[in-house]
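The shown structure was predicted, so the numbers you read here are calculated from the model rather than taken from an experiment. Below, all heavy atoms of this structure are taken into account, side chains as well, without hydrogens, waters or symmetry copies. Each chain gets a letter, A, B and so on, in the order the sequences are listed, and its residues count up from 1.
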Number of protein chains: 4
Amino acid sequence: MTVTKKPSKPQESNERAELRRSQILDAAYKVFSEKGYRDTTVADVAQVLGMGHGTFYRYFTNKHDIFEQVMNSALLRVAKVIASEDPKATNTLAEYRGQVERIGSGMLDLLDSDPAIPRLLFYEAMGISPELDEKIQRVWELSGEVTETYLINGKSKGFLRADLDTSVAALAINALIFEGGRRVVRSADKATAKRRWLKTLVEMIFGGIGS
Amino acid sequence: MTVTKKPSKPQESNERAELRRSQILDAAYKVFSEKGYRDTTVADVAQVLGMGHGTFYRYFTNKHDIFEQVMNSALLRVAKVIASEDPKATNTLAEYRGQVERIGSGMLDLLDSDPAIPRLLFYEAMGISPELDEKIQRVWELSGEVTETYLINGKSKGFLRADLDTSVAALAINALIFEGGRRVVRSADKATAKRRWLKTLVEMIFGGIGS
Amino acid sequence: MTVTKKPSKPQESNERAELRRSQILDAAYKVFSEKGYRDTTVADVAQVLGMGHGTFYRYFTNKHDIFEQVMNSALLRVAKVIASEDPKATNTLAEYRGQVERIGSGMLDLLDSDPAIPRLLFYEAMGISPELDEKIQRVWELSGEVTETYLINGKSKGFLRADLDTSVAALAINALIFEGGRRVVRSADKATAKRRWLKTLVEMIFGGIGS
Amino acid sequence: MTVTKKPSKPQESNERAELRRSQILDAAYKVFSEKGYRDTTVADVAQVLGMGHGTFYRYFTNKHDIFEQVMNSALLRVAKVIASEDPKATNTLAEYRGQVERIGSGMLDLLDSDPAIPRLLFYEAMGISPELDEKIQRVWELSGEVTETYLINGKSKGFLRADLDTSVAALAINALIFEGGRRVVRSADKATAKRRWLKTLVEMIFGGIGS
DNA sequence: TATGAATGAGGCTTCATTCAT
DNA sequence: AATGAATGAAGCCTCATTCAT
């Protein structure tokens, strides 16, 4: 029996599959962000792509599997911004202030382009599964440690207060940046909101609110 | 032994009912905090009290009803701390610093005694129902406005920077306090964590991190 | 130990109990009529009397028990009307016509004072339990047989058609009377409706609609 | 053997779905008729078809939805019989008598093939939902009006009594026909029962029972 | 490889009945 | 005798997952 079936090119097939997989991931990211894990149905995600919902299971093991991958991609984006500067490159307060401005700006831009990240990373992910909880937790800790590297560098070079509680201050700074992100996301005039938050944030970190 | 008069039937009944109701509310608060709204089943709450799940419905209309009441009680506690000081009573930076210390301390204590509040109020409540969303939103706005009152008072009396962006700064301060609460809650040595966060928080707000 | 408890008078107690029982029966009759068997809850019936719903079970075995008794009382009232005349007392068509008018009038009055009877007896009762189904069925058959007695009497005395299918005609006559009842019940002006139905009904039975 | 071209996928799918839908509708019709709305569970209907109860919800929104459709189909069948003759086509009593015989015969056949219709339409449907109540009510009124059209025609042409109360008589005639249907349905020998009822019914309407 | 029909576990809610007070 | 708090069986509905086509 002669088979006239077009021979599959594995290369091409893999590319196609990878593309599809990526499309599903994007759609899931979107839907999870809007409705949360529990309220998102596999059919919801499939419908965004006009795809049969059975097809979903050809690319992902189950709902939890794709959520974990969605979380991974969100975490990666945050990590990239935080790691975008060299913690040891600064020698003066002004230089560090510049760094904070750039990191803050980058983070605000990220959260603006991905308004779902706060919800997704801060709370949505928690309680889905112990593994996921722990992973998120680890990223936040890491994130704090990276910021702390900047502060330790500043302390050692003398342009930050010698009695600065670097680990706590690092978390506080991160919190300010994330809160800024959350607020900018929800604001009507995002450009203005971003400018105001960045200014206030930097002023507070570097000079406090006193006159 | 002092004999207290046996209370009359209906009185006693009401007290019993109120007690039961309160027990269910507490149990629900606990379970909602740990598992979130969607993951919490009415049976879960009932099981905590070792009671049949049908009993639940003698005290609350439905799952949404009790969640709303749980939220109300959480919101009330937060509001009490925020409103515990007089925004116009301060005339110097030092006095205001004292106020922030007391409010921060009160909030940290509250979040310590009620570790669930951040999760409950920040994200868990959202998306359950439009009414609830709006209520939470209103409380956050109000909360920001109260803090802003302190800042406006400081500006008008000259002990805060004239160019301070009061509305943004108010939200930033609130965010710092809440982040402190979240972190203190999770720390092993809460007393130390509280002291460190309070110090860092006040230093940052009033002096920045520079040397 | 001297017991000062008032000695119960069994007589009086029984009377009280019987009164209560009768009150519950009336309330149940009302509620069953309005909402049907499935939609009526024991608590509904108790509430009508401002009585604790647990008390219900002191007077009736269960919900089915009281429904059966409600049905019995309804059936009894119908039977009384049907049996209110003497089937053999008539010797002329005119006399029988008078009987039908009186029975019809009595039934219309009954259904007017008890608008629930049609619903209760015709359909509500069916499907609750096989025993009940059968009982209702038996009553309808009996009811037809009683009416048939009148017709047989008429046939034997020659004032009704010799070829009259008495058993079918009896059921048809009963159906007309009941339909009249149902319609009178729902009409706005019951007196007029009763008069019109009675007239039409008798005319049809005794003369047809032709000119 | 004639080979029929294999239908295209979506076509076939639609047919299959429509078939399934229709099967469920039939099963529901049957179960609703036997047990009534409240006593019928979705699982009951599913079990008749040996299918999982979840499958039901792929074809109908909910239990009320399918009941409404069941009612619609029943109402449609009744309406067809009633509208099967031309009310104005008759000029003599004999002709009208022929019409009544045909309509009565058609209705008896319908109720024989669909023994559930009386229960379904007269009582079962009422009290489920206000919309349904109103729909049923409207059909009965309409049904009476159609029958009345025949009577008015007869009066105007002089072959029916001038003092005939057409609206009441119309309802009475309908009631007779329906009662006949109910009885024929339950009889052992349906052919005979049908003949006897039809004869008695027509005799009564057109001549009364007198000799 | 893609599809979507089918499934049933699981969650919410009601209510008849029991029983301690 | 009266009460009503407590219970859990049972019904409606959703949706993650499977599988035949």
- [ ] Measure the shortest side-chain to side-chain distance between D:Lys135 and D:Leu75 over non-hydrogen atoms and say whether it is less than 4.5 angstrom.
- [x] yes
Task: d(CD, A:Glu15; C1', E:dT1) in whole Å - done: 17 Å
- [ ] Kindly compute the distance separating OG (B:Ser73) from CG (B:Asp114), expressed to the nearest 0.5 Å.
- [x] 7.0 Å
TODO: Please work out which of the three classes, parallel, tilted or perpendicular, describes the rings of B:Tyr37 and B:Phe32, given edges at 30° and 60°.
DONE: parallel
TODO: Write down the distance between CZ (B:Arg16) and P (F:dT3), rounded to a whole number of angstrom.
DONE: 18 Å
Task: Nucleotide of E:dT17, F:dT3, F:dT17 approaching A:Tyr57 most closely (side-chain heavy atoms) - done: F:dT17
Open item on the list: Please report the distance, rounded to the nearest Å, between CG in D:Asn62 and C1' in E:dC12.
Closed with: 16 Å
Open item on the list: Regarding D:Phe60, tell me which of base, sugar-phosphate or nothing describes its non-hydrogen contacts under 4.0 Å with the strands shown.
Closed with: nothing
Open item on the list: Nearest whole Å is fine: how far is F:dA6 P from B:Gln23 CD?
Closed with: 9 Å
Task: d(CG, B:Leu19; P, F:dA6) in whole Å - done: 10 Å
Open item on the list: Let me spell it out: for each of C:Asp39 and D:Tyr59, pick the nucleotide of DNA chain E with the closest heavy atom. Which residue's pick is nearer the 5' end?
Closed with: D:Tyr59
- [ ] Please state how far atom CZ in B:Arg20 lies from atom P in F:dG4, giving the value in whole angstrom units.
- [x] 17 Å
Task: Whole-Å gap separating P (E:dG8) and CE (D:Met51) - done: 12 Å
Task: Separation of atom CZ in C:Arg58 from atom C1' in F:dA1, rounded to whole Å - done: 5 Å
Open item on the list: Once pairs are restricted to Watson-Crick or G-U wobble with both distances under 3.5 Å, how does DNA chain F read as a dot-bracket string, [ ] for crossings and | for other-strand pairs?
Closed with: .||||||||||||||||||||
- [ ] List the atom of A:Ser129, the atom of A:His64, and the distance in Å for their closest heavy-atom pair.
- [x] OG-NE2, 2.8 Å
Task: More than 12 heavy atoms of other groups within 6.0 Å of D:Gln137 CD - done: yes
- [ ] Report yes or no: do D:Gln69 and D:Asp65 form a side-chain donor-acceptor pair below 3.5 Å?
- [x] yes
Task: A:Thr55 or D:Thr55, whichever maps to the more 5' nucleotide of DNA chain E - done: A:Thr55
TODO: Enumerate the residue pairs fulfilling salt bridge (Lys or Arg N to Asp or Glu O under 4.0 Å) with a member in residues 25-38 of chain B, sequence neighbours excluded, ordered by first and then second residue.
DONE: A:Asp39-B:Arg38, B:Lys30-B:Glu34, B:Lys35-B:Asp44
N/O-N/O pairs, protein side and nucleotides 9-11 of chain F side, under 3.5 Å:
unit_1 : atom_1 : unit_2  : atom_2 : d
F:dA9  : N6     : B:His53 : NE2    : 3.2

TODO: Could you check B:Phe56 against A:His64 and say which one's nearest nucleotide on DNA chain F is further toward the 5' end?
DONE: B:Phe56
Open item on the list: Would you compute the distance between atom CZ of B:Arg20 and atom CZ of B:Phe56 and round it to the nearest 0.5 angstrom?
Closed with: 12.5 Å
Open item on the list: Between D:His53 and D:Gln47, is the side chain to side chain contact (heavy atoms under 4.5 Å, CB included) condition met? List the steps.
Closed with: CA-CA 7 Å; D:His53 64 277; D:Gln47 198 167 32; over 6 Å; no
